[in-house]
Every structure is written in C-alpha cells, then in structure tokens.
Amino acid sequence: MRRRDFLKVAATSATGAVLFAGCGRIGDGVPETEFKIAQPVYTPNDWAFGRDAWFATAAPPDQGGYGLIVRVFEGRAKKVDGNPDFPGVLGKSDARAQALVQELYHPDRLAGPQRAATRGSGQFQPISWDSALQGVAQILRDAGGERAVLITTRPSSSQAAIIAAFQRVTGIRHAILEPDELVVLRSAVRRLFGVSTLPIPDLANASFLLNFGAEFLHGWIAPVQLARAYGEFRQGRPGQRGLYYHVGPRLSATAANADRWFPIVPGTEGLIALAIANVLLTEGAVPRDRFAPYFAALGLDEARLTNDYSPERVATTSGLTAEQIRELAHALVEHEPAVVIAGTNAAASTNGLFNLVATLGLNLLLDSLNQPGGLLLNPEPPLPELRIADDAILTQRQWAELFQQIQSGTISTVLVYRANPVYALPPATGAAEALRAAQHVVSFSPFVDETTQLADIVLPDQAWLEQWGLEVPDPGPGFAAVAVRQPVVQPFVDARAFGDVLIQLATQLGQPLPWASQEEATKTLALQLRRLGRGNIQAADDKQFLVTLQAQGGWWDEQSRGSGTVPSSPVVQPREPSFAGDSAQFPYLLVPYPLPSIGYGELAHLPWLQALPEPISTNVWQSWVEVAQRTADELGLSTGDVVRLITPQATVELPVYVNPAGQPGLVAIPFGQGHTALGRYAEGRGVNPLTLVAPENDSDAGTLAWCATRCRIEKTGRRARLARFEGMVPAFQLEEFPIVRVMAPSA
C-alpha cells in the first residue's frame, strides 16, 4: 500500500479488519504497541508495512469456535495462535488451528464457480459468479422450498442466523451433519440437564476425574480448552495433583495420560456407572436424596439398582472385577471435588445414549453440577439469532429417511455446504444414490470432495481466514462468550463467503434478507451484544464497540452462567450392548477411533495434519489395524504384516501394528482415511472404517453404532512398511518398571 493510500484510509476510517490489541506478548512484538504504531482505527487486512501484524479471529465451529490470533506479514497469513485474552484457551491452540493457513493456500482449492461437465465425472468447467447465481436461483425458484434441502456441517453462529433468515423466505429445510458421537452427547445432555449447549468439566479446580472413553485431550468437544485445564488439574496448584482414572476399551493417547486405565468391553460404560451408583447407595457414601433424579432419568428404583446392578453382576459382562468397580466408586467420594465425563466410544454403541445418561448422571449423585471442580453447564447463546436449532441435527436414522425422500423425488434439490455425507455416512444410508437421483445438486465446498463430485454447480466458500462471522464456542468456558471472526487477508481466490451467497440468492429470488452481506450481518449481530448492556466491552458508541470487539477478538460475560433442570421421568432405559456378527465366525470386536489430527476425515486434505503422528503408534499418512500383543502371538503376526480384515459388511487389506498395551480380543482401526476425493493429500490413502461397520443403530438415539461390529483377521503372507516415527525397534520391558498385565474381558 502506498503512503498516501494509507493516509486516506486513516482519514476516512474505511471498514476492515482490526489489529489485535490484547494483553499478552506475541512473538517479538507486543500487540498493544503494534496497534499504536499502526495508527488508523481500521486497518486494511493486507496492509504491508515491513513487520508482523496480528489479527484476532475465530476457529471454525467444528474445531470449537474459540478465539485465535493470526500473524500476517506483508499480506500473507503466516502463523496461528490462541488468543491470549479469550476465556478458556488463554493463548493456547492446537495443530488443527495451525493448519488453517494450509486451507487458505491449498493448491486444490477451487478458484471460482464451477459447472460439472457431467454429474459424477469429477470434471468441472469454470463459470462466472453471475451465471452461477442466476442458475442456482432458477433451480430454487423451480423447486420451491418444500422440495429443497440445505445440508451443512455445523455452521458458525452468525451463519446460523443467515440460514434461519434464508429458511424463512424460501421454506427450505436445513439438515446438519455432525459425528454420531456428538449427536448422542447433545441428546444425553439435553435429556439429562435440560440444556442444548454442551457442558464443560471444571478440571482446573477438580481433584478427581473419572472419564468414560471421551478423547478430551485429542479431538472430542473442546480439546484446546480441556488440555489447558488439564495442565492446571495436574500441576497448576502447588502441592496438589489431580487424580485421573480412564475407563474405556482402548489405550488411547488420552487414556495413556491417566493414572489408571481400566480396560472394558465396549458398550458397558453405562452398566459400570450403575454398579458405581449401587456402591454409593448401599454404602451410604452420598445422601439418598440425590438419587431421585438419577432414578427418574433411568426408570430405576432403589430395589432394582440394588438387585440388578451389583458390582458382581456387572463384572461378568464389563471386563472389570467387582473390586475395580468399588475402587472407582470409592475414588469419587474420597477425592473431592470429583467430576465424571463420557463420550467417543461410549456414545458409539447400540446403547450409547444409555451409556452417556448413566455416566454423566453420576454428577448428580456427586452434587458436582455447576460446582467448582464439577461439571459446568453453559448458558444458551446470548442472542436467540445465534442459536442452532436442535431439530436440524439429524441422526443416522433420519439421514436414511431424508435420502429416501430424495430418491423418491419428494425432495428434488439438494444444497450442500462443507458437509460430505457420501464419505461421512456409511454406504447403507444411501447418500451417494440419493444425490445421483436428485434433480439438482449444488455444493458450496471450497474443495472437490466425494459429495461435491456429484454436484451440478459448485459455488466455493471462502477459507475461514478470509471471512466474517461470530462464533459461540460449544462448549463454552462456563459462561457466555462470543468470538469474532474477521478476514486476516484479502481473498486468495475468487470464492465468496457462504453467507454472502445466500444473501445474494435471496435477493435474486425477490426475498431480500435483512443484511446486504455476511460482514454486515456479523456487525449487526455484534451490535446487539452491545444492546445487552453487559459483558467485557464498555464503549461510548457503536463504532468504538466494534473496534474493541475486533481488537480483543470477542465478547464475554462472566456473570452469565448456565443453569438446567433435572429429569422427573425416564429419558432412557438401561440396555446392554449388542454386536453384529456371530462370535464364532467373527471372534474380535472392531473398535474404530477418530484421529487427533484429521478427526473423522474432514481434515485429511491438510498435509500438516496427515503428517502428525498418531500418539500411540506414531503412524502417519495411512490406515492400519492395531492388535494386541497376545492377539498377534496367537495369529503369528508382527508389525508390518498385511492382513485381511473381515466384517459382516466388507473386507479390506491393511498392515498390522502390534500394540503391547492393546486389549486382547479387540481390533482397532483409525477413522480419517479412505478418501476417493478431497485433493491430492487425501485421495487413495487407506480405508474408510465406515465401509466395514455394520449399519447398527442406537435404538434410543437413532445414531450409528460404529463400535458394535465383530470381525476376524486372516493372514495374506505379505508385508508392508508402516510410515511411523517409532522406528522399527519393538517395545521392550524396562527393568526398573513393573510389568503391567492386560487381561482380555469376556465380550
């Protein structure tokens, strides 16, 4: 930028991104000093002035929506860090946030609107934005709202407001695709505590954590916030170190951080929770009046809990001994304050909803709800416009019904925003067949993924670092918080923000929305926060409020806390898990798991994350089968042997990784690979475990039970090299440490 152009901007206060002005020291510059040196109230986000500039923005909604700052040098984003001012994260971030710059400069990003040469061919031809918008507007005009559906991943909070306004004027249906484990978790929290926002454990003030399978340090619902709090839990208080017990089927990286790992049969988490409640009741460890809501939620009474769920009875199916169950119960009351969390594998069984209600309900018995060191309920978003409708989040069962409607012609037009149902849902749901049968498919993805390959027109969304928005972190830090997203660089390609496209489509349909752009929607909603008259920002006028909001990266109100209700009637009945496949023919249980880096495959196109080692095996860039040492010995296998993994649903061939700490009888395989599209870094690597799992559902939640399939292993006689940081030296016992024996539970 020329000096006179800069002075012109300073004089007219043109709108744009605002430099971060926080409290911490970043790199070799102090943001407050940088803010003063820059001088103008509004600074262009590509202004080059020979030194670093830091802009506050927000993580994507599926990464937590927390506050970030981005280092920009001469108009190019270089580095992402956590916002040191933002509640919960306080300057921390993770690898997924760091990789946002790779999404921005990815070589496979769509450079502009595209039209398919032939649907399903994966071949597209560039078209103009005017032509694309006119074509999509005509499609919507012809279909009518009742015959159209908008499928999205979880949108940002401001996008939710734009989508809701678009729905009101068009009548289109909105369907949100989230991982099934999160759908179950939201359902359990809503039924148990009466809130639609996710809770957060107050680890920083807890003395004991009992975790039923949730990968809270590597992925799950708020890994950055929880990892930072875990550091406080372990070593943030002089002379006090929090105690952590992990109950789950696999020794994951999160389980490896625990003081004790209790290996169990998948799906028995809820039964173990009932046995723990049995001990607390029969030993009088907690007041009896605390059991009323717990009994009500599970349709139980004192006699049934005492007779049917004793530690001895549950021990026969769970893989734990009665003594271990009593040890867990005693730890909850001997180390107060204590908190219980559950998720991931616990939510992915045929009784997943029961598992989560029974385990999270233990917090009612401990009286730890909204208490220091307990489970904190988060408040609803501060503005109703920022709320995401619960009924828009579909279960596996509802997705199958939706795709049947598309195949039958009841729904003729499908719009898809950043969701990839063809890859993220098992083939049995019929996603690919439905999209092929649809009359029109329009994608808003910035990349050609498996779903976008079946689109007629693609209107690529901007990268997250190029657009405006508001994010309500879910879960939040225990009080109301909103992160602001602002573009930190000028658009790298000819893409448009999804919100802008919806606003432009509504205008072409003759039904204009209340805002002219996504930026205007963001700022209008932000000013409604000022009208609340509370929070961390005190401003004399709207302009000062917006500048402060953008400079600090968000708005929060520590006095706005969450509250809930306790159930008075049954929300779920106790159930034992079931598994697809005959145990004689398929002797092992298949345990898929999301990777800390690429998750369920939505981030497989980012090479930094592909190259991030899986913490236990250190494997990268591929799929593998993880087996226990005892299983490997029985089958004559070693790391690198290629085996045939067979389930009632499909057969694949993969290399073996022998895990000395693996649980006998279980076979684990990571999610994330197996893409046939999504760019050069994702395609043609490994397998998608969803092709292997049987289409078993949680009968209560209607979600996919991806941890409910049996399998067997056959040798192929071939070998393959595994790309891993661990090297080729096998694990061996250190003399100064005792041998830990891992026993196989009866499944």
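For the pair Leu603 and Gln63, the minimum side-chain heavy-atom distance is below 4.5 Å. Tyr245 has its side chain out of reach of Trp261: every pair of non-hydrogen atoms, C-beta onward, lies at least 4.5 Å apart. Contact of the Arg234 side chain with the Asp259 side chain is registered, since non-hydrogen atoms from C-beta on lie closer than 4.5 Å. Within the 4.5 Å cutoff, the side chain of Leu210 has no heavy atoms near those of the Thr359 side chain. Between Asn355 and Ser349, the closest side-chain pair of non-hydrogen atoms falls below 4.5 Å. Between Leu589 and Val667, the closest side-chain pair of non-hydrogen atoms is not below 4.5 Å. The shortest distance between side-chain heavy atoms of Ser187 and Leu353 falls below 4.5 Å. In this structure, Asn688 and His675 have side chains that are not in contact, with every pair of non-hydrogen atoms separated by 4.5 Å or more.
Remark: Asp308 engages Arg313 in a salt bridge, criterion side-chain N to carboxylate O under 4.0 Å. Salt bridge annotation for Glu653-Arg718: present, with a cationic side-chain nitrogen under 4.0 angstrom from a carboxylate oxygen. The pair Glu614-Arg724 fails the salt-bridge criterion, with no side-chain N (NZ, NE, NH1 or NH2) lying under 4.0 Å from an Asp/Glu carboxylate O. A salt bridge does not link Glu683 with Arg685: none of the charged nitrogens is closer than 4.0 Å to a carboxylate oxygen.
Note that CG of Asp180 and OG1 of Thr395 are 8.0 Å apart. Values are rounded to the nearest 0.5 Å. Here Leu690 contributes atom CG and Trp706 contributes atom CH2; the two are 9.5 Å apart, rounded to the nearest 0.5 Å. Atom CD1 of Ile264 sits about 7.5 Å away from atom CZ of Phe212, to the nearest 0.5 Å. Summarising the geometry, atom CG belonging to Asn351 is positioned 8.5 Å from atom CZ belonging to Arg575; distances are rounded to the nearest 0.5 Å. Separation of atoms OH (Tyr309) and CG (Leu298) is listed at 8.5 Å; rounding is to 0.5 Å.
In this structure, Glu634 contributes its side chain and Ala632 its backbone to no donor-acceptor pair below 3.5 Å. A donor-acceptor pair under 3.5 Å is formed between the side chain of Arg96 and the backbone N or O of Pro596. Distance alone, capped at 3.5 Å, is enough to place a donor-acceptor pair between the Asn659 side chain and the Ala661 backbone. Checking side-chain atoms of Asn307 against main-chain N and O of Arg304 turns up no donor-acceptor pair under 3.5 Å. Distance alone, capped at 3.5 Å, is enough to place a donor-acceptor pair between the Glu269 side chain and the Gly267 backbone. Although no hydrogens or angles enter the test, the distance criterion places no donor-acceptor pair under 3.5 Å between the side chain of Lys715 and the main chain of Arg644. Formation of a donor-acceptor pair under 3.5 Å by the Glu283 side chain with backbone atoms of Ala285 is not found in this model. Under a 3.5 Å cut-off, the side chain of Thr716 and the backbone N or O of Val642 do form a donor-acceptor pair. When atom types are taken as modelled, the side chain of Thr451 and the backbone of Val422 share a donor-acceptor pair closer than 3.5 angstrom. Remark: the backbone N or O of Val183 is not paired with any side-chain donor or acceptor of Glu178 at under 3.5 angstrom.
Exactly one residue among Phe233, Phe208, Phe216 makes a ring-ring contact (aromatic ring centres under 6.0 Å, His included) with Tyr244. That residue is Phe216.
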For this session: List the steps, then state whether side-chain hydrogen bond (donor to acceptor under 3.5 Å, both in side chains) holds for Asp698 with Thr350.
Result: CA-CA 4 Å; Asp698 182 329; Thr350 55; over 6 Å; no
For this session: Could you go through the side-chain hydrogen bond (donor to acceptor under 3.5 Å, both in side chains) check for Ser638 and Arg719 one step at a time?
Result: CA-CA 9 Å; Ser638 61; Arg719 288 186 57 80; 3.2 Å; yes
Exercise. Please walk me through it: do Thr344 and Glu215 pass side-chain hydrogen bond (donor to acceptor under 3.5 Å, both in side chains)?
Worked result: CA-CA 6 Å; Thr344 314; Glu215 291 300 312; 5.5 Å; no
For this session: Please assess Leu356 against Val572 for the test side chain to side chain contact (heavy atoms under 4.5 Å, CB included), listing each intermediate value before the final yes or no.
Result: CA-CA 10 Å; Leu356 296 199; Val572 69; over 6 Å; no
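Relative orientation of the Phe291 and Tyr294 rings is perpendicular, given thresholds of 30° and 60° on the angle between their planes.
In the model, Thr703 has no side-chain atom that pairs as donor or acceptor with a side-chain atom of Gln396 under 3.5 Å. For the 3.5 Å distance criterion, the side chains of Glu696 and Thr709 fail to qualify, holding no donor opposite an acceptor. No hydrogens or angles considered: a donor-acceptor pair under 3.5 Å links the side chains of Asp449 and Thr452.
The side-chain tip of Arg250 points at the ring of Tyr593 from less than 6.0 angstrom away and within 45° of straight on.
Between Phe671 and Leu595 the shortest heavy-atom distance is O-CD1, 3.4 Å.
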